[in-house]
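Note that the coordinates shown come from a computational prediction; the quantities given were computed from them, not determined experimentally. One is the number of the first residue; the rest follow in order along the sequence.
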Amino acid sequence: MSLADHLREFRKRLILSAIGIALGMVAGWFLYTPVFEGLQAPVLAVAERNDALVTVNFSGVATALDMQLKVSVLLGVVISAPWWLYQLWAFVAPGLKTTERRYTVGFLATAIPLFFSGVVFAWWVFPRAIDILISFTPEGAANLLDAQTFMTFAMRLVIAFGIAFVFPVVMIALTWAGVVKARTWLKGWRWAVFLIFLAAAILTPTPDAVTMLFMAGPMVALYFAAVGVGLARERAVRRRTPEEERLA
């Protein structure tokens, strides 16, 4: 494919992904109330436990509407994850050999559960991060959490964990396609660990080290798991007979 064809293909996949997210937003609009109640629950729990004024504050007339739109966007991205992950693979697939395109099912069957695992893990981390950060409020002081900041915090946390958990699948896909060798990933493990912690520090919306470790720990484990899968794959390929290679 020429550069112009690649750009047209990228635009096509981007538009299809946007349509999928927009449809997910419609479903997210109706799920707003239970999701917001779930996000607000740890704040109310801290307020009750400490007998303090801690609440999410809607400071403007249109803030509540803006909040619902943001939650809908977040849910749209999460709900449509299988669709836009497929579009990501479909954009890469034309550059692969015919035999390599058979990995589509494997890519999606792994990437989709991992993305949702990251989302679920973020949902587990969220109340603990809220608890830790609010605990720094001095005794007798109130903590009125701005709704915009609160929602940005939740959105960045959920999306960051979801994407972080998918990255190892991209590593495996690049290794299986022969773009990057597994030993290259392994040799660069020091830089990888450094960059993972750096990315975790940037992506996590809180300044505390606990949330960063919650993200970086699983990412490091998944990185080495992806390297292990890549090495096993390369070892299996080297052991193939010429006949097995032809059939593959």
(request) Of all the heavy-atom pairs spanning I21 and S80, show the shortest one and how long it is. (result) CG1-OG, 3.3 Å

(message) Which heavy atom of L75 sits nearest to which heavy atom of G28, and what is that distance?
(response) CD1-O, 3.4 Å

(request) May I ask whether Y32 and L44 are part of the same hydrophobic cluster, defined by side-chain heavy atoms of I, L, V, M, F, W, Y residues being less than 4.5 angstrom apart, directly or through others? (result) no

(request) Find out whether L145 and N57 are in side-chain contact, i.e. whether some heavy atom of one side chain is under 4.5 Å from a heavy atom of the other. (result) no

(request) Quick one: pull up CG in L88 and CH2 in W84 and give me the separation to the nearest 0.5 Å. (result) 8.0 Å

(request) State plainly whether one hydrophobic cluster holds both I79 and L23, where clusters connect Ile, Leu, Val, Met, Phe, Trp and Tyr through side-chain heavy atoms under 4.5 angstrom apart. (result) no

(message) If you compare all heavy atoms of M219 against all heavy atoms of A164, which two are closest, and at what distance to 0.1 Å?
(response) SD-CB, 3.5 Å

(request) Using a 4.5 Å cut-off on heavy atoms from C-beta on, say whether the side chain of F116 contacts that of V78. (result) yes

(message) Show the nearest heavy-atom pair for residues V220 and F197, with the distance to one decimal.
(response) CG2-CE1, 4.1 Å

(message) Are L69 and V35 linked, directly or through intermediate hydrophobic residues, by side-chain heavy-atom contacts shorter than 4.5 Å (ILVMFWY only)?
(response) no

(message) Restricting to non-hydrogen atoms, name the atom on P168 and the atom on A226 that form the minimum distance, rounded to 0.1 Å.
(response) O-CB, 3.6 Å

(request) Could you tell me the separation between the CD atom of Q87 and the CG atom of L85, rounded to the nearest 0.5 Å? (result) 10.0 Å

(request) Please check if V169 and W83 belong to a single hydrophobic cluster, counting links between Ile, Leu, Val, Met, Phe, Trp and Tyr side chain heavy atoms closer than 4.5 Å. (result) no

(request) For the residue pair F165 and F121, categorise the inter-ring angle as parallel (less than 30°), tilted (30 to 60°) or perpendicular (more than 60°). (result) tilted

(message) V227 vs W189, test: side-chain contact (heavy atoms from CB on, under 4.5 Å). Steps then yes/no.
(response) CA-CA 9 Å; V227 172; W189 72 268; over 6 Å; no

(request) Find out whether L39 and M151 are in side-chain contact, i.e. whether some heavy atom of one side chain is under 4.5 Å from a heavy atom of the other. (result) yes

(message) Nearest 0.5 Å, please: how far is CG in L16 from OH in Y86?
(response) 9.5 Å

(request) Quick one: pull up OG1 in T184 and CE in M171 and give me the separation to the nearest 0.5 Å. (result) 10.5 Å

(message) Applying a strict under-4.5 Å side-chain criterion to I, L, V, M, F, W and Y, I'd like to know whether V193 and L186 cluster together.
(response) yes

(request) To the nearest 0.5 Å, tell me how far F150 CZ sits from T55 OG1. (result) 9.5 Å

(request) Take Q148 and K70 through the side chain to side chain donor-acceptor pair (under 3.5 Å) test and state the conclusion after the steps. (result) CA-CA 9 Å; Q148 300 279 8; K70 285 189 174 183; 2.9 Å; yes

(message) For F167 and W185, take the angle between the two ring planes, folded into 0 to 90°, and tell me which bin it lands in: parallel under 30, tilted 30 to 60, perpendicular over 60.
(response) perpendicular

(request) Over all heavy atoms of both residues, which pair between G118 and F161 is shortest? Give the atoms and the distance, please. (result) O-CB, 3.2 Å

(request) Compare all side-chain heavy atoms of W124 with those of V120 and state whether any distance is below 4.5 angstrom. (result) no

